[in-house]
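I have placed the structure first, in the form of structure tokens, so that the comments after it can refer back to it.
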Amino acid sequence: MKRILLIYTGGTIGMFQNPQTGALENFDFNNVLLHIPELRQFNLHLASTTFEPPIDSSDMDPSQWSKLVRIISDNYDSFDGFVILHGTDTMAYTASALSFMLEGLSKPVILTGSQLPIGTLRTDGKENLITAIEIAAATHEDGTPRVPEVCILFHNKLMRGNRTTKSSADQFDAFKSFNYPLLARAAVEIEYNDEFILPYNPQAVLKPHFSMDSHMVIFSLFPGMQASLVEKMLNTPDLKGIILRSFGAGNAPQKKWLSDALSRATEAGKVIVNITQCTGGSVVMQRYETGIQLLSTGVISGHDSTVEASIAKLMFLFGLGLTPEEVRSKMNECIAGEITL
Ligand code: ASP
């Protein structure tokens with residue numbers, strides 16, 4: 001019998017409407033089988049653990065990520081797969097962070113949540129939870145896990161976690177993977193796209209990482225930005241990394257003050273990563289003069305990374321204690337399927 005651990009962190013999925021008062025209350029995941037008897041139809045051993053107190057995902061931070069890494073690594077040998085119930089707002093950040101922090105992962109870690117509480121009519125939470133559990137327990141014929149990586153399952157779509165972005169605040173179809181194909185789609189059958197799923201490695205040994213360095217900013221360029229404000233931000237002494245959200249294929253205004261400020265920041269040991277403000281596509285700084293100028297300031301390409309994955313990767317690499325030069329070189333490597341090279 002496969003063993004799956006449900007980890008409830010908080011968020012809408014874990015709420016139900018008290019029939020007496022009409023108020024939304026937190027659902028006790030330790031009684032998950034009482035609330036969702038359908039789960040008994042799986043021939044699985046389900047155990048659960050809950051964040052105390054459960055948190056809205058806007059309050060997620062690196063200490064909560066390391067708590068998740070601790071729970072997964074402590075229980076790694078006793079379970080075949082993990083399902084994390086999480087608020088949707090920052091789920092893509094958590095999925096990205098876990099994909100780096102759980103080095104050597106060879107079991108499924110599936111994040112899901114919902115737009116409507118699980119205990120309300122028309123909830124999307126039950127389907128999401130049931131499908132996530134089914135995927136976490138799925139194996140190939142030889143018994144190896146079907147999806148040995150960190151994923152988000154939402155609205156019948158299984159996506160690589162570090163390729164996913166929340167794209168709608170009110171639709172059930174709330175997540176998109178703009179630059180990477182779906183790993184699976186749940187229809188009458190769950191149709192897996194095996195060629196896009198990270199291969200199972202029988203030699204892999206889990207190496208959990210617990211520290212993330214959050215001395216970072218995400219900065220979006222916009223027409224008319226003020227030199228004095230941008231210079232001040234780039235000069236901040238404690239700042240180690242900047243995700244620079246540029247225009248189109250990685251372009252920025254050709255203003256001398258901007259190139260000077262970026263060059264100074266690079267020389268001061270800050271790592272500046274260029275990703276596009278477009279939802280899909282990749283940075284190719286060599287394409288236009290406006291991108292080439294950025295290259296000359298030491299800015300490096302974030303390729304086709306999501307914002308969530310690029311900031312999580314910077315936090316992770318600096319958290320390992322690497323030098324800026326080492327971080328720059330690792331940002332150009334694909335370490336958990338997060339970029340296309
Ligand atoms: N604000 C909630 C959260 O992210 C929304 C949700 O669960 O979908 O925790």
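Just so you know, ligand 1 is whichever comes first in the structure, and atom 1 is the first atom listed for that ligand. None of the values given here were measured: they were computed from a predicted structure. Side chains are part of it too, since the values below use all heavy atoms of this structure and drop only hydrogens, waters and symmetry mates.
Atoms of ligand 1 lying under 4.0 Å from at least one heavy atom of S114, given by number and element, are 8 (O). Here is the list of ligand 1 atoms found below 4.0 Å of a heavy atom in G11: 7 (O), 9 (O). Each of the following atoms of ligand 1 lies closer than 4.0 Å to a heavy atom of T88: 3 (C), 4 (O), 5 (C), 6 (C), 7 (O), 8 (O).
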| request: Step by step, work out the salt bridge (charged side-chain N to carboxylate O under 4.0 Å, His left out) result for R264 and E267. | output: CA-CA 5 Å; R264 272 198 306 275; E267 279 154 26; over 6 Å; no
| ring-ring contact (aromatic ring centres under 6.0 Å, His included) between H209 and F316: does it pass, once the steps are laid out? | CA-CA 8 Å; H209 298 274; F316 170 70; 5.2 Å; yes
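Looking only at protein heavy atoms, the nearest one to atom 6 (C) of ligand 1 is T12 OG1, 3.1 Å.
When S57, G113, G14, A174 are ranked by how near their heavy atoms come to atom 3 (C) of ligand 1, first place goes to S57.
Listed by chain and residue number, nothing satisfies the ring pair (Phe, Tyr, Trp, His ring centres under 6.0 Å) test with F247 (two or more places apart in sequence, or in another chain).
A side-chain hydrogen bond (donor to acceptor under 3.5 Å, both in side chains) with N162 is found for exactly one of S310, S96, S99, namely S99.
Checked against a 3.5 angstrom limit, the closest N/O atoms of T90 and ligand 1 fall outside it. The distance criterion of under 3.5 Å between nitrogen or oxygen atoms is met by D56 with respect to ligand 1.
If you take CE on M91 and CD1 on I84, they are separated by 9.5 Å, rounding to the nearest 0.5 Å.
The closest donor-acceptor contact from the side chain of T131 to the backbone of E127 lies under 3.5 Å.
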